[in-house]
Amino acid sequence: MPVESLFPRLEALLPRVQKPIQYVGGELNSTVKSWDEATVRWALMYPDAYEVGLPNQGVQILYEILNEMPETLAERTYAVWPDLEALMRAEGVPQFTVDAHRPVRAFDVFGISFSTELGYTNMLTALDLAGIPLDAADRGEDDPIVLAGGHAAFNPEPIAAFIDAAVLGDGEQVAIAITEVIREWKAEGSPGGRDELLMRLTESGGVYVPRFYDVDYHPDGRIQRVAPNRSGVPWRVHKHTVMDLDEWPYPKKPLVPLAETVHERFSVEIFRGCTRGCRFCQAGMITRPVRERSITTIGDMVEAGIKASGFNEVGLLSLSSADHSEIGEVAKGLADRYEGTNTSLSLPSTRVDAFNIDLANEFSRNGRRSGLTFAPEGGSERMRKVINKMVTEEDLIRTVTTAYSQGWRQVKLYFMCGLPTEEDVDVLGIADLARKVIKAGREATGSRDVRCTVSIGGFVPKPHTPFQWAAQASHEVVDHRLKALKDALRGDKEYGRAIGLRYHDGKPSIVEGLLSRGDRRVGEVIRAVWQDGGRFDGWSEHFSYQRWMDAAAKAGVDVDWYTTREREENEVLPWDHLDAGLDREWLWQDWQDAVNDVEVEDCRWSPCYDCGVCPTMGTEIQIGPTGKKLLPLTVV
Ligand code: SF4
């Protein structure tokens with residue numbers, strides 16, 4: 001059955017909304033395929049505005065892989081701003097894709113990628129606008145399968161009522177597998193309806209269907225157990241891991257945005273996973289083991305991506321890019337290739353050592369020397385041991401001295417506030433460190449023209465990390481410490497004016513904490529917030545702490561119990577039946593080590609410390625060196 005484009009109806013609304021260009025589609029490298037020739041159709045959503053959602057790598061990769069499959073199509077949809085939402089409701093225009101402006105409800109799968117839990121209310125808006133029942137239990141045969149992915153899907157329990165299924169881990173191979181299961185089921189005449197389809201997806205492995213599990217609670221509110229409620233459903237669902245990144249060199253044709261977006265560059269992921277073991281970092285824990293892309297594939301991807309898109313900036317992405325075993329060769333090879341062109345290269349710098357400055361020097365050959373970024377994360381030596389961020393004050397001062405003496409004038413430092421075992425003195429240590437950084441810079445340059453910007457994020461304990469058992473600091477504690485830090489810097493006549501301070505208050509972190517470690521009961525809070533007008537919770541101008549607290553009170557959910565309460569070792573956690581590959585005993589031991597200021601090494605360079613990922617997932621660390629070099633693009 002042909003599906004008509006909604007564009008004529010949407011077009012009439014566009015003159016009345018802000019930034020209408022974001023809704024029109026037709027970007028370079030976007031794809032529109034014949035609806036009737038496809039047998040499986042995906043609508044992919046990043047649940048934020050176009051300007052944030054379009055650059056998302058996960059969505060771009062799946063969009064391309066699915067569209068390369070015969071008889072399969074994928075289109076994109078993003079969260080519409082409240083002005084367009086109001087008009088769509090008034091005029092009865094449903095949630096649409098930006099590619100061919102088809103109604104999202106007409107697709108077989110509505111896949112939503114959550115990098116953060118603060119996108120949950122935007123998912124509800126999209127479902128409601130699409131005409132898809134909010135509750136999975138109310139959906140019928142004509143509704144798509146609503147599928148959650150991304151890092152937040154490692155604990156999808158707070159949205160269990162709203163999704164049909166969730167997928168953990170890398171999406172490339174599992175998206176293809178899901179497509180084939182759906183294709184086969186449809187070719188057979190859709191036997192058993194959506195219930196059978198969900199069962200087939202469960203049995204195919206690696207798709208979590210919340211409705212196939214029951215949760216029992218103790219009288220005090222803790223979870224007693226999570227158990228399958230029908231046969232054939234596994235007790236635990238495992239994450240997916242792509243083992244050879246060179247086989248998946250996506251995106252090959254990066255999307256070029258029509259409207260302004262947060263990143264306007266071509267990003268190449270140079271490795272996946274991280275074994276540094278920073279205890280606060282969920283991404284580092286759930287994406288293990290490390291798998292590097294080879295230097296030649298990186299070079300080929302950069303070349304092809306620039307050719308296909310015309311971007312003049314290339315970012316080398318990963319959780320800690322300077323740790324690629326051949327990053328020196330990658331940096332020099334790319335800098336040589338693109339020297340004298342208008343292509344600039346960037347590397348998110350977080351490693352605190354002089355080598356990082358060599359890399360930054362290579363990458364700034366064609367560009368401006370704006371600033372160097374380091375992430376000590378903890379303000380005191382003790383705090384950095386607790387979080388396993390092995391950076392000494394000496395390392396930091398030595399590194400920034402080198403940076404300032406090589407002509408860099410601006411250094412950015414990232415920290416967190418509210419970390420486990422933190423005291424006021426640890427946060428005040430950030431001021432001391434920043435002063436020492438400026439002092440070192442002035443000595444190295446003989447000038448007062450050096451600056452340091454300190455950015456502070458609120459710490460949120462995350463599932464599948466050693467801090468999953470930790471008590472989150474209350475927003476009052478975080479705000480008190482940040483104020484003390486601000487006062488300390490403001491009162492400093494010698495160094496204060498050279499130090500910039502950026503931070504947010506502690507309240508949004510509490511809501512993120514509630515959603516990160518929440519269970520199925522938290523779903524009613526999300527629903528109530530959305531019903532009360534909650535949208536775009538990741539944006540400070542739209543976020544309302546009071547709305548979340550009112551909704552929690554209405555739903556009978558005690559926010560402190562979910563956030564500031566420390567968990568016992570044996571408490572069943574809402575995500576224990578979802579397997580990120582990490583051994584629970586190892587995580588607990590690492591939590592105990594944290595409390596005792598004991599550090600662990602990076603298993604890339606030191607012996608395996610049995611976190612569990614490699615043996616349980618049948619995976620292994622894959623690092624170079626390959627010894628290969630990047631050749632010039634044109635043979636001289
Ligand atoms: S199992 Fe061992 S080698 Fe593999 S990621 Fe964990 S600690 Fe590292």
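For this chain, numbers begin at 1 and follow the sequence in order. When reading the values below, keep in mind they use all heavy atoms of this one structure, side chains included, and skip hydrogens, waters and symmetry mates.
With a 4.5 Å cut-off on side-chain heavy atoms, C274 and R604 count as touching. V613 has its side chain out of reach of T275: every pair of non-hydrogen atoms, C-beta onward, lies at least 4.5 Å apart. Taking the side chain as every heavy atom from C-beta outward, L245 and T297 never approach each other to under 4.5 Å. In this structure the side chain of L578 reaches within 4.5 angstrom of the side chain of L168, judged on heavy atoms. No side-chain heavy atom of T77 sits less than 4.5 Å from a side-chain heavy atom of F107. In this structure, the side chains of R291 and D170 come closer than 4.5 Å at one or more pairs of heavy atoms. The shortest side-chain heavy-atom distance between R76 and L255 falls under the 4.5 Å cut-off. Counting only heavy atoms from C-beta outward, the side chains of T626 and E292 never approach each other to under 4.5 Å.
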With a cut-off of 3.5 Å and sequence neighbours excluded, list every side-chain donor-acceptor pair involving residues 301-314.
unit_1 : atom_1 : unit_2 : atom_2 : d
S309   : OG     : G305   : O      : 2.7
S309   : OG     : F311   : N      : 3.1
E313   : OE2    : S346   : OG     : 3.3

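Minimum heavy-atom separation, P463 to R517: CD-CG, 4.2 Å. Across all their heavy atoms, S113 and G150 have their closest contact at OG-CA, 4.2 Å. Contact detail for A322 and L359: the closest heavy-atom pair is CB-CD1, 3.8 Å. Smallest separation of non-hydrogen atoms from M285 and C278: CE-O, 3.7 Å. In terms of heavy atoms, K462 sits closest to S516 at NZ-OG, 3.1 Å. Contact between P257 and E264 at its shortest, heavy atoms only, is CG-OE2, 4.4 Å.
Under a cut-off of 6.0 angstrom, the local environment of CD in E601 is sparse, with at most 12 non-hydrogen atoms contributed by other residues, nucleotides or ligands. Crowding of K385 atom NZ: a count of heavy atoms from other residues, nucleotides or ligands under 6.0 Å not exceeding 12. By the 6.0 Å contact criterion, NE2 on H504 is open, its count of non-hydrogen atoms from other residues, nucleotides or ligands being 12 or less.
Ring centroids of W42 and Y63 are separated by 6.0 Å or more, keeping the two rings apart.
How far CG of D323 is from CG of D602: 6.5 Å, rounded to the nearest 0.5 Å. Summarising the geometry, atom SG belonging to C452 is positioned 11.0 Å from atom NZ belonging to K412; distances are rounded to the nearest 0.5 Å. Note: D610 CG to T616 OG1 = 10.5 Å, rounded to the nearest 0.5 Å. One distance of note links CD1 of I270 with CG of L316; it measures 5.0 Å at 0.5 Å rounding. The CZ atom of F154 sits 9.0 Å away from atom CG of D579, with the distance rounded to the nearest 0.5 Å. Taken from OH in Y404 to CZ in R451, the straight-line distance is 9.5 Å, to the nearest 0.5 Å.
Applying the side-chain contact (heavy atoms from CB on, under 4.5 Å) test between H151 and each of E117, Q282, H464 identifies Q282 as the sole match.
Remark: the backbone N or O of L631 is paired with a side-chain donor or acceptor of R337 at under 3.5 angstrom. The main-chain N or O of G624 is found under 3.5 Å from a side-chain atom of S325 such that the two form a donor-acceptor pair. Proximity of a side-chain donor or acceptor of N155 to a complementary backbone N or O of G518 within less than 3.5 Å is detected.
Residue pairs that meet the salt bridge (charged side-chain N to carboxylate O under 4.0 Å, His left out) test with at least one member in residues 237-253, sequence neighbours left out, are E68-K252.
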>> Under the criterion side chain to side chain contact (heavy atoms under 4.5 Å, CB included), I'd like the reasoning laid out for I298 against E326: C-alpha separation, chi angles, the key distance, then a yes or no.
In response: CA-CA 11 Å; I298 294 169; E326 291 177 301; over 6 Å; no
>> Set out, in order, the CA-CA distance, both residues' side-chain angles and the distance that settles side chain to side chain donor-acceptor pair (under 3.5 Å) for T125 and N122, then state yes or no.
In response: CA-CA 5 Å; T125 308; N122 283 356; 4.7 Å; no
> Between T241 and M243, does a side chain to side chain contact (heavy atoms under 4.5 Å, CB included) hold up when you go through it step by step?
Replying inline: CA-CA 6 Å; T241 306; M243 279 315 292; 3.8 Å; yes
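Salt bridge status for E172 with R272: present, with a side-chain N to carboxylate O gap under 4.0 Å.
Note on ring orientation: taking the six-membered ring where Trp is involved, the planes of W248 and Y250 are tilted (angle from 30° to 60°). The aromatic rings of H542 and F536 sit tilted, their planes meeting at an angle between 30° and 60°.
Side-chain polar atoms of T402 and T399 form no donor-acceptor pair below 3.5 angstrom.
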